[in-house]
Amino acid sequence: MAIKPGHHEYDYSSWEDEKIYEKAYKASLKNPSEFWNKYVDDISWKRKPQTSYSNKWLDGGVSNVCYNCVDRHALSTPDKPAIIWHGDEYGERREISYEALRKMVQKIAAILKSYGVKKGDVVGIYLPMIPEAIASMLACARIGAIHLVVFAGFSSEALKYRLTKSNAKAIITVNSFKRGGKRIDLQQNIICNINIINLDDVTISDNMNTDIEWQNSDDDLFVLYTSGSSGKPKGVLHSALPYMLYVATTFKIIFGIRIDDVYFCTSDIGWITGHSYITYAPLFHGLTTVIFSGSPTYPNADRYWQIIEQEKVSIFYTAPTAIRSLQMFNKKFVKKHDLSSLRVLGSVGEPINKSAWKWYFETVGNKRCPIMDTWWQTETGGIILAPLRNLNQNPGLAGKPFFGVEIDIIDGELVIKNKFPGLCKSIISDNSYTSNAFYNTGDGAVYEGSDIKIKGRMDDVINISGHRLGTAEFECAINKIDEVKEVAVVAVPDELKGQTAFAYIVPIVSNIDPEILVKKIINSTRATIGSIAKPDYIAIVPDLPKTRSGKIVRKLLRDIANGIETPSELHSVVNPEVIEDVKSSVNNPIFCPDMCKLP
Ligand code: WT7
């Protein structure tokens, strides 16, 4: 059994003094492999490694991620629910026991094999949040294939780019699904030449058996694309076994899990949170993971609270954007449900503002539940910073580094200074990350007392509702429009989404109809990236400020869009006469709300 009963050394819920954390943390840094050794036995091994680290993580170890997340629990607790799914409408519910999950995984693995998928092959997964999506990830893990999940909100072009860049051999999808009362087509978005495994019309016997492909410390588990500062998304590659050790251990300690926990995370498998803390960590520990494929406000704004009450959820993990949007609705949506089963709350994806924190703590948690504000990234695989205490938390601060992870703030940037098992192996077409001695996170941070406050991205990444999108990706999409001569996209704060995109556009002709231009911009970002990507503000300008060498001075444009009185980089502009035009267009931008009607 993965979770040992009783208190363990790092059960910080019983630590009354911050000094106990300090001491344990320091000891874990002195000898990180000693810390990780304590958790190596949580994994069921085919061959156990001698130590957690020697030259590489779990060197010499042989195991399988699917075996640890499914088979061993199907043996010990076959009837326990592994996944509970809630659909778009009230009452749409499915319960998948560990034994049923094992069968489902076996079946999908057999289908993959029938398409010739072998160990090391990349398999795309383009599915809504249904149990089969999780089973598809696990089926890949079972046969040693590398999954590549693409969020169902990404466009056909974005999907094609990811599939072709990573040489995917097959893709698992369905025809369509329903969310927020609307039908969304999926299969028709696959516009490249690839084996399509359509789960709607697969017929294969229920009792298929596929052998486990044992994985060693070098084998890979998945690729997931995320945004950086270039115009193209980057594929982040994670290992199988070291990644599993990291997500399982962080989950166990940070959420202080118990074997009878019912855990509900509202993310989607299209993001890293859905990989690490919907699929792998909870199933590794044999818990019940609750998933929801609907919209939190459809048909009413109580879907999360209704699910928590019905399933007696004890750990709830969501994002600040969701909290802020639900906070806007009447408290009665929360209060009509009995949420007394909750023990721990979590937040992830973006900084949580104090007002949202307070509402989450008081209205949802009834002042009983600590809030784990967890900071991490696609690249780190699992949580790096969390409050690591249950009492006297600091609203809005992500807190302290996890055991065994050494961090620092250098020139205002959060960096990781040592090796830890969660860090990605490589980034497709960019190996710079893991070859450096330090891992630069790209996030600005400061200490407030002994806690860390995350200030946000320092690079050209915009965090919209916890979704990472590069300004350059927006610019590439907008540049495709014939009527656009030049474009610069910058981040501006947004009350609900945390941040949003502000686009400066220089049209080819000055008398362009702004309405037509805006429609083209929205259509192009939708087609190139997906329905989640769209600039909320568009400013049409005659020209952009440039440097002597012809580079757009984006920092200045960002400052102006953010209303900063004395913007930076003014000195480097060779055409200062454009600045007044830029300023006046910013005072009156075209606002394109989400409900914007398109032809
Ligand atoms: C970026 C990573 C972590 C899984 C989901 C997002 C921001 C993430 C927090 C937090 C402040 C946060 C950072 C980070 N971020 N969590 N608790 N407080 N900012 O993963 O898509 O790779 O994005 O999200 O800016 O760099 P991701």
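These figures come from a predicted structure and were not determined experimentally. Just follow the structure's listing: the first ligand is 1, and inside any ligand the first atom is 1.
Listed by chain and residue number, Arg389, Asn394, Leu397, Lys400 satisfy the side chain to side chain contact (heavy atoms under 4.5 Å, CB included) test with Asp451 (two or more places apart in sequence, or in another chain). Evaluation of the side chain to side chain contact (heavy atoms under 4.5 Å, CB included) rule for Ser465 yields Thr321, Lys497 as partners, not counting sequence neighbours.
For ligand 1, the protein residues placed under 4.0 Å by at least one non-hydrogen atom are Ile272, Thr273, Val348, Gly349, Glu350, Pro351, Asp373, Thr374, Trp375, Trp376, Gln377, Thr378, Asp443, Ile454, Arg457, Asn463, Arg468.
A ring-ring contact (aromatic ring centres under 6.0 Å, His included) with Trp376 is found for exactly one of Trp271, Tyr246, Tyr277, Phe420, namely Tyr277.
Defined by atom type and a distance below 3.5 Å, a donor-acceptor pair is missing between the side-chain atoms of Arg468 and Ser227.
Once rounded to the nearest 0.5 Å, the distance linking NZ of Lys252 with CG of Leu287 reads 11.0 Å.
Note on residues 403-415: pairs passing salt bridge (charged side-chain N to carboxylate O under 4.0 Å, His left out), not counting sequence neighbours, are Asp408-Lys417.
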